[in-house]
Amino acid sequence: MPELPEVETIRRDLEEKVRGKIIERVIIKNEKSVKVPSPREFIQKMERKVLDEIHRRGKYLIVGLDSEDALVLHLGMTGRLIYSKAGEEIDYSRVVFLLENDAQLSFTDIRGFGGLWFVPDERFEEVVPTLANLGPEPLETDFTLEKFKQLLKDKKGKIKTLLMDQSFIAGVGNVYAQEALFLSGIHPTRSPSSLLEGEIEKLYHNLLNVLREAISYRGSSIKSYVDLVGRQGNYEPHLRVYGRAGSNCPRCGHVIERMEVGGRGTYFCPRCQK
DNA sequence: CAATCGTCCTGCGGGC
DNA sequence: TGCCCGCAGGACGATT
């Protein structure tokens, strides 16, 4: 499901709803979702902890616990966090946190590509190595145009694949990579080294803008994404090309096409994107 | 090393 | 209507 805007929406909701609450009980319904440590130890470590500040790094959520420990979550393709009344039966829930005041936070995941990691003592690199390998946060102020140009230097492959590479930039996935390329008039299979100065500038600004805009609409609900209380995001109707094969390009009217790039469905306007 | 491909899962929707 | 197939917002591990 979730790319940076969706994960950021959930992060903000978590700050509001669960920050400061005590975890009274942890119920693991599917052990596969708990990556580290063993389910028994996970429960033992998590119970009685207080959910503290909630951070986002790329598509990861990082929940500070009291002491130096943290809970790291990744939603994969179909992961959700649902906040509800304690005891409520939530479809496909895999891990349930019963909180004080009769509340519960459920991690649900149909396809099971998501996961939870308990990280002791700020040992993120050991426990969740990919978290340590993430590229820069596109919406942080230190992610400048100059830095983007530097990162693109000497890169091989296809620009769309590169944008989705989490070690290149954190948080951009299949939807927003395509939207940014469309807005910039760049074909998804272009080689990074072929991009002109002006194209790089457009791509930089459009990528940041589309991420910010999507956050302001609380993300896109293409398939299964919903926020903490089960509401869909509102950005999907504003997507320009994603999932729109056969309909008309919002800019030139040409038919939007679909192709495979790096094994992923990719939508683009063959007239606008060169 | 870096780039590509198959794989992990389950549900949904389009087409026949 | 019902079945089958393709497709799905991600990322890892093996392979070249």
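Just so we're on the same page: letters track the sequence lines, and every chain starts at 1.
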Quiz prompt | C1'-based separation of C:dA11 from B:dC12 [nearest Å] | solution = 23 Å
Quiz item: Between the side chains of A:Ser167 and A:Asn133, is a donor N or O closer than 3.5 angstrom to an acceptor N or O?
Solution: no
Exercise. State whether A:Tyr60 places a side-chain N or O below 4.0 Å from either non-bridging phosphate oxygen (OP1 or OP2) of C:dG10.
Key: no
Self-check item: Length of the line joining A:Tyr242:OH and C:dG10:C1', which is rounded to integer Å
Solution: 12 Å
Quiz item: Counting only distance, no hydrogens or angles, is the base of C:dA8 paired donor-acceptor with the side chain of A:Arg111 under 3.5 Å?
Solution: yes
Self-check item: A:Lys59 NZ to C:dA11 C1', straight-line distance once rounded to whole Å
Solution: 8 Å
Exercise. Figure out the CG/P separation between A:Asn30 and B:dC9, and round it to whole Å.
Key: 10 Å
Quiz item: C:dA11, B:dC9, B:dG11: which one has an atom nearest the side-chain heavy atoms of A:Tyr92?
Solution: B:dG11
Self-check item: Side-chain ion pair, A:Glu199 and A:Lys202, N-O less than 4.0 Å
Solution: no
Quiz item: For A:Asp109 and B:dT10, what is the distance between atoms CG and C1' respectively, to the nearest whole Å?
Solution: 10 Å
Quiz item: C:dG6 C1' sits how many Å from A:Arg264 CZ, rounded?
Solution: 15 Å
N/O contacts under 3.5 Å, protein versus nucleotides 1-5 of chain B?
from	atom 1	to	atom 2	distance (Å)
B:dA3	OP1	A:Lys156	N	3.3

Self-check item: Set of residues satisfying side-chain hydrogen bond (donor to acceptor under 3.5 Å, both in side chains) with respect to A:Thr130, sequence neighbours excluded
Solution: A:Tyr60
Practice problem: Would you indicate what A:Gly114 reaches in the nucleic acid, counting non-hydrogen atoms under 4.0 angstrom: base, sugar-phosphate, or nothing? | Solution: nothing
Quiz item: With sugar-phosphate meaning primed atoms plus P, OP1 and OP2, does A:Tyr176 contact a base, only sugar-phosphate, or nothing at under 4.0 Å between heavy atoms?
Solution: nothing
Quiz item: Between A:Lys17 and A:Asp13, is there a side-chain N and carboxylate O pair less than 4.0 Å apart?
Solution: no
Quiz item: Does the pair A:Arg218/A:Glu6 count as a salt bridge with the N-to-O cut at 4.0 Å?
Solution: no
Exercise. Inspect the contact between A:Lys21 and A:Glu100 and indicate whether a charged nitrogen and a carboxylate oxygen are less than 4.0 angstrom apart.
Key: no
Quiz item: Hey, is the main chain of A:Gly58 close enough, under 3.5 Å, to the side chain of A:Gln166 for a donor-acceptor pair?
Solution: no
Quiz item: Rounded to the nearest Å, what distance is computed from the CG atom of residue A:Asn133 to the C1' atom of nucleotide C:dC12?
Solution: 12 Å
Exercise. Kindly confirm whether the side-chain ring of A:Phe113 is stacked on the base of B:dC9, judged by centres under 5.5 Å and planes under 30°.
Key: no
Exercise. Round to a whole Å and report the spacing from CG of A:Asn174 to P of C:dC7.
Key: 13 Å
Practice problem: Salt-bridge test for A:Glu146 and A:Lys149: reply yes if a basic N is under 4.0 Å from a carboxylate O, no otherwise. | Solution: yes
Quiz item: Can you tell me how far P in B:dG6 sits from the matching atom in C:dG6, rounded to whole Å?
Solution: 15 Å
Self-check item: Ion pair check, A:Arg57 and A:Glu137, cut-off under 4.0 Å
Solution: yes
Quiz item: Taking NZ, NE, NH1 and NH2 as the nitrogens, is one of them in A:Arg12 or A:Glu8 under 4.0 Å from a carboxylate oxygen of the other?
Solution: yes
Quiz prompt | Nearest to side-chain heavy atoms of A:Tyr267, which nucleotide of B:dG11, C:dG10, C:dA8 | solution = C:dA8
Quiz item: Can you tell me how far P of C:dA11 sits from CG of A:Leu131, to the nearest Å?
Solution: 11 Å
Practice problem: Considering just the side-chain nitrogens and oxygens of A:Gln166, establish if one lies under 4.0 Å of OP1 or OP2 belonging to C:dA11. | Solution: yes
Quiz item: When you measure from the side chain of A:Arg258, which nucleotide among C:dG10, C:dC12, C:dA8 comes out closest?
Solution: C:dA8
Quiz item: Out of B:dG11, C:dG10, C:dA11, which nucleotide sits closest to the side chain of A:Glu3?
Solution: C:dG10
Quiz item: Taking the six-membered ring of A:Phe182, is NZ or CZ of A:Arg251 closer than 6.0 Å to its centre and within 45° of its axis?
Solution: yes
Quiz item: Counting just side-chain N and O atoms, does A:His74 come under 4.0 Å of either OP1 or OP2 of C:dG10?
Solution: no
Practice problem: Could you summarise the pairing of DNA chain C as dot-bracket text, marking Watson-Crick and G-U pairs under 3.5 Å with ( ) or [ ] inside the strand and | across strands? | Solution: .|||||||.|||||||
Exercise. For C:dC7 and B:dC5, measure between their P atoms and round to the nearest Å.
Key: 16 Å
